[in-house]
Amino acid sequence: MNCCVVGLQWGDEGKGKVVDILAEKAEIVVRYGGGANAGHTVIIGDQRFALHLMPSGAVRPGTVCVIANGVVVDPEVLLTEIDGLAEKGISMDGRLLISENAHMVLDYHKQEDQLREAALGRQKIGTTARGIGPCYADKIGRSYALRMADLRDPAALREKLERIVAYKNKLFGALYDAAPMDAGRLFDTCRRWSDRLGGHIVNTTEYLYAALDNRKNILFEGAQGALLDLDHGTFPYVTSSNCSALGLGSGCGVPSKWVDTFLGIVKAYATRVGAGPFPTEQDNATGDWIRQRGHEFGTTTGRPRRCGWFDAVAVAYTARLGGVDQIGMMHLDTLAGRDELKICRAYRLDGRETSFFPCDGEQLGRVECIYETVPGWSEDLSQVRRYADLPETVRHYLATVQRYVGVPITMVGVGPKRDQIIYRD
Ligand code: GDP
Ligand code: IMO
Ligand code: MG
């Protein structure tokens with residue numbers, strides 16, 4: 001069985017935990033998009049892993065980890081992760097494959113991300129400052145891009161770096177009055193990356209096709225959430241890749257027809273980091289309560305996450321967009337302790353009720369949420385392991401979400417640990 005795990009909200013739905021659980025039965029785990037903007041948390045016993053570029057399957061020593069062509073790779077972050085895993089006794093030797101076609105994030109991408117955001121002031125996107133947008137922009141622009149394959153040919157790399165750095169220095173100097181960068185220093189850094197990562201750089205598409213032919217179990221790990229998709233999310237408050245399930249084919253060369261199951265992950269409520277419209281946001285005591293109970297602070301940047309009620313209009317849209325077969329809902333345990341909970345079942349826009357999600361920022365900023373109020377629960381769910389043992393109020397909450405979203409909820413998270421998951425037949 002091949003399975004693709006994708007976030008259906010604004011990221012941080014708990015994909016890392018679910019991928020780790022499913023990786024028990026996978027031979028290969030593939031990241032196909034995004035970069036070090038992602039932060040995927042896996043908790044095993046007392047150990048906590050926060051992975052940014054490495055597929056979450058890395059913590060299972062038997063799995064092969066693939067970083068495919070659609071990912072923008074910051075080699076510095078990757079090396080830190082490899083070293084961090086090694087310190088915890090987990091080696092990536094012989095089981096990490098990085099696509100030669102994956103684009104490389106360099107210092108100037110991070111610098112541009114920060115300078116541009118600072119210059120935008122109140123109009124800023126609220127990026128993770130990891131250089132993601134500028135790196136994808138160079139990829140689309142082609143002439144100033146560097147890929148992992150470029151680490152293989154030092155002479156050509158030096159030439160390219162000199163040309164690119166001369167261009168960026170002019171640009172950043174004119175736009176931001178930035179101090180010039182030194183191509184030689186960047187080249188030395190690249191040589192160090194090449195020494196350590198060179199042996200991992202391959203044609204991952206060829207590897208994946210052979211794996212499919214040999215009927216290996218492959219798990220595809222989405223980053224971010226579909227509402228941050230460049231084309232189908234809440235533009236311009238999105239990331240710079242197709243992070244919905246639609247990015248799978250371009251991101252790793254495997255068409256969705258070879259994937260048996262698309263598993264969409266949601267939280268029992270909604271969160272968002274960074275700017276942009278968020279119809280069900282509770283910028284009040286309720287939002288604070290969710291943030292405290294759910295420890296809703298960014299895995300990558302530590303920023304407090306904005307919190308709100310579950311938005312079934314948004315998730316019905318992203319489930320459709322991703323061709324999602326099943327949904328895993330995390331953080332049910334977090335919602336314990338309220339008399340009532342709300343689920344947004346429709347929007348009112350220009351006096352008309354609609355259940356279709358308008359991703360246009362201006363329209364989304366104006367919608368009024370129509371909520372269904374359901375009874376809450378006070379029981380601690382963290383020890384529950386069987387669906388039948390969930391309180392009736394919890395099952396009613398799940399059934400209500402499922403009715404509005406239109407996709408079965410087959411997995412329920414009741415805590416951050418590996419075993420805190422409930423499967424529904
Ligand atoms: P990802 O980006 O989708 O992998 O999610 P993150 O790791 O950024 O954020 C999810 C957070 O929720 C992490 O701190 C997880 O440990 C935690 N988590 C995941 N599932 C559950 C759950 O069912 N209950 C609780 N309380 N925490 C969870
Ligand atoms: P995971 O994989 C939550 C958000 C940023 C910002 C916008 C653009 O952990 O779910 P970028 O740095 O990508 O240019 O920022 O996207 N963002 C995320 N939010 N989880 C993520 O990843 C995110 N990756 C990017 O906060 O609003
Ligand atoms: Mg995250």
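Ligands are counted one by one from 1 in listed order, and the atoms in each one are counted from 1 as well. Count residues from 1 along the sequence.
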Practice problem: Can you tell me which residue pairs pass the ring pair (Phe, Tyr, Trp, His ring centres under 6.0 Å) test with a partner in residues 10-55, sequence neighbours excluded? | Solution: Trp10-Phe278
Self-check item: Shortest heavy-atom approach to atom 3 (O) of ligand 1 - which of His295, Lys15, Arg293, Gln9
Solution: Lys15
Quiz item: Just by distance, with hydrogens left out, do Arg303 and Thr301 show a side-chain donor and acceptor under 3.5 Å apart?
Solution: yes
Quiz item: When you check the gap from the basic side-chain N to the acidic O, do Arg60 and Glu27 get nearer than 4.0 Å?
Solution: no
Exercise. Please write down residue, atom name and distance for the protein heavy atom closest to atom 4 (O) of ligand 1.
Key: Gly16 N, 2.8 Å
Quiz item: So is there a nitrogen or oxygen of Gln224 less than 3.5 Å from a nitrogen or oxygen in ligand 2?
Solution: yes
Quiz item: Are side-chain N/O atoms of Arg395 and Thr400 paired as donor and acceptor at under 3.5 Å?
Solution: no
Quiz item: Is there a heavy atom of Lys17 sitting under 4.0 angstrom from any atom of ligand 1?
Solution: yes
Quiz item: Of all the heavy atoms in Gly7, does at least one lie under 4.0 Å from an atom in ligand 2?
Solution: no
Practice problem: Answer yes or no: does an N/O atom from Lys267 fall short of 3.5 Å to an N/O atom of ligand 1? | Solution: no
Quiz item: Closest non-hydrogen protein atom to atom 7 (O) of ligand 1, residue and atom name please, with distance?
Solution: Thr41 OG1, 2.6 Å
Quiz prompt | Closest non-hydrogen atom pair between Thr280 and Cys344, with its separation | solution = CG2-CB, 3.6 Å
Quiz prompt | Contact partition for Trp10 relative to ligand 2, non-hydrogen atoms under 4.0 Å | solution = backbone
Self-check item: Heteroatom proximity flag, Thr128 to ligand 2, N/O under 3.5 Å
Solution: yes
Quiz prompt | Nitrogen or oxygen atoms of Glu13 and ligand 2 under 3.5 Å apart | solution = no
Quiz item: Is Arg305 in contact with ligand 1, taking contact as a heavy-atom separation below 4.0 Å?
Solution: yes
Practice problem: From the options Val273, Ile132, Leu228, Val72, select the one whose nearest heavy atom is closest to atom 18 (C) of ligand 2. | Solution: Leu228
Practice problem: Ignoring hydrogens and angles, state whether a donor on the side chain of His331 or Tyr269 is under 3.5 Å from an acceptor on the partner side chain. | Solution: yes
Quiz item: Does ligand 1 have a heavy atom under 4.0 Å from the side chain of Asp333, from its backbone, from both, or from neither?
Solution: side chain
Self-check item: Exam field: side chain Arg142 to backbone Ile140, donor-acceptor pair closer than 3.5 Å
Solution: yes
Quiz item: Can you tell me the protein heavy atom closest to atom 10 (C) of ligand 1 and the distance?
Solution: Asp12 O, 3.7 Å
Quiz item: Ser240: heavy atom below 4.0 Å from ligand 2, yes or no?
Solution: no
Quiz item: Have Thr239 and Gln224 got a donor and an acceptor in their side chains that come within less than 3.5 Å?
Solution: no
Quiz prompt | Option of least heavy-atom distance to atom 8 (O) of ligand 1 (set: Ser56, Gly34, Ala50, Gly39) | solution = Gly39
Quiz item: Where is the nearest protein heavy atom to atom 16 (O) of ligand 1: which residue, which atom, and how far?
Solution: Pro416 CB, 3.4 Å
Quiz item: Between Lys15 and ligand 2, which residue portion shows a heavy-atom distance shorter than 4.0 Å: side chain, backbone, both, or neither?
Solution: side chain
Quiz item: When you measure from atom 22 (C) of ligand 1 to every protein heavy atom, which one gives the shortest distance, and what is it?
Solution: Gly415 O, 3.1 Å
Quiz item: For Lys17, which residues count as a salt bridge (Lys or Arg N to Asp or Glu O under 4.0 Å) partner, sequence neighbours excluded?
Solution: none
Practice problem: Report the part of Val414 in contact with ligand 1, treating N, CA, C, O as backbone and CB onward as side chain, heavy atoms under 4.0 Å; options are side chain, backbone, both, neither. | Solution: backbone
Quiz item: Tell me, which pairs form a ring pair (Phe, Tyr, Trp, His ring centres under 6.0 Å) where one or both residues lie in residues 225-248, sequence neighbours left out?
Solution: none
Self-check item: Distance-only polar pair, side chains of Ser244 and Asp229, donor-acceptor under 3.5 Å
Solution: yes
Quiz item: Below 4.0 Å from any atom of ligand 2, is there a heavy atom belonging to Thr301?
Solution: no
Quiz item: Looking at ligand 1, does any of its N/O atoms fall within less than 3.5 Å of an N/O of Ile43?
Solution: no
Exercise. For ligand 1, find out whether one of its N or O atoms is nearer than 3.5 Å to an N or O atom of Gly14.
Key: yes
Quiz item: Looking at ligand 1, does any of its N/O atoms fall within less than 3.5 Å of an N/O of His331?
Solution: yes
Quiz item: Does some non-hydrogen atom of Gly11 fall short of 4.0 Å from ligand 1?
Solution: no
Quiz item: Hey, does Arg305 sit under 4.0 Å from ligand 2 if you only count heavy atoms?
Solution: no
Quiz item: Under a heavy-atom criterion of less than 4.0 Å, does Gly7 contact ligand 1?
Solution: no
Quiz item: Which protein atoms of type N, O or S are found under 2.8 Å from the Mg ion (ligand 3)?
Solution: Asp12 OD1, Gly39 O
Practice problem: Using a 4.0 Å heavy-atom cut-off, say whether Arg303 meets ligand 2 through its side chain, its backbone, both or neither. | Solution: side chain
Quiz prompt | Shortest heavy-atom approach to atom 9 (O) of ligand 2 - which of Gly39, Gly35, Gly33 | solution = Gly39
Quiz item: Is Arg305 paired with Glu296 through a side-chain N to carboxylate O contact shorter than 4.0 Å?
Solution: yes
Quiz item: Is Asp74 salt-bridged to Arg130, cutoff N-O under 4.0 Å?
Solution: no
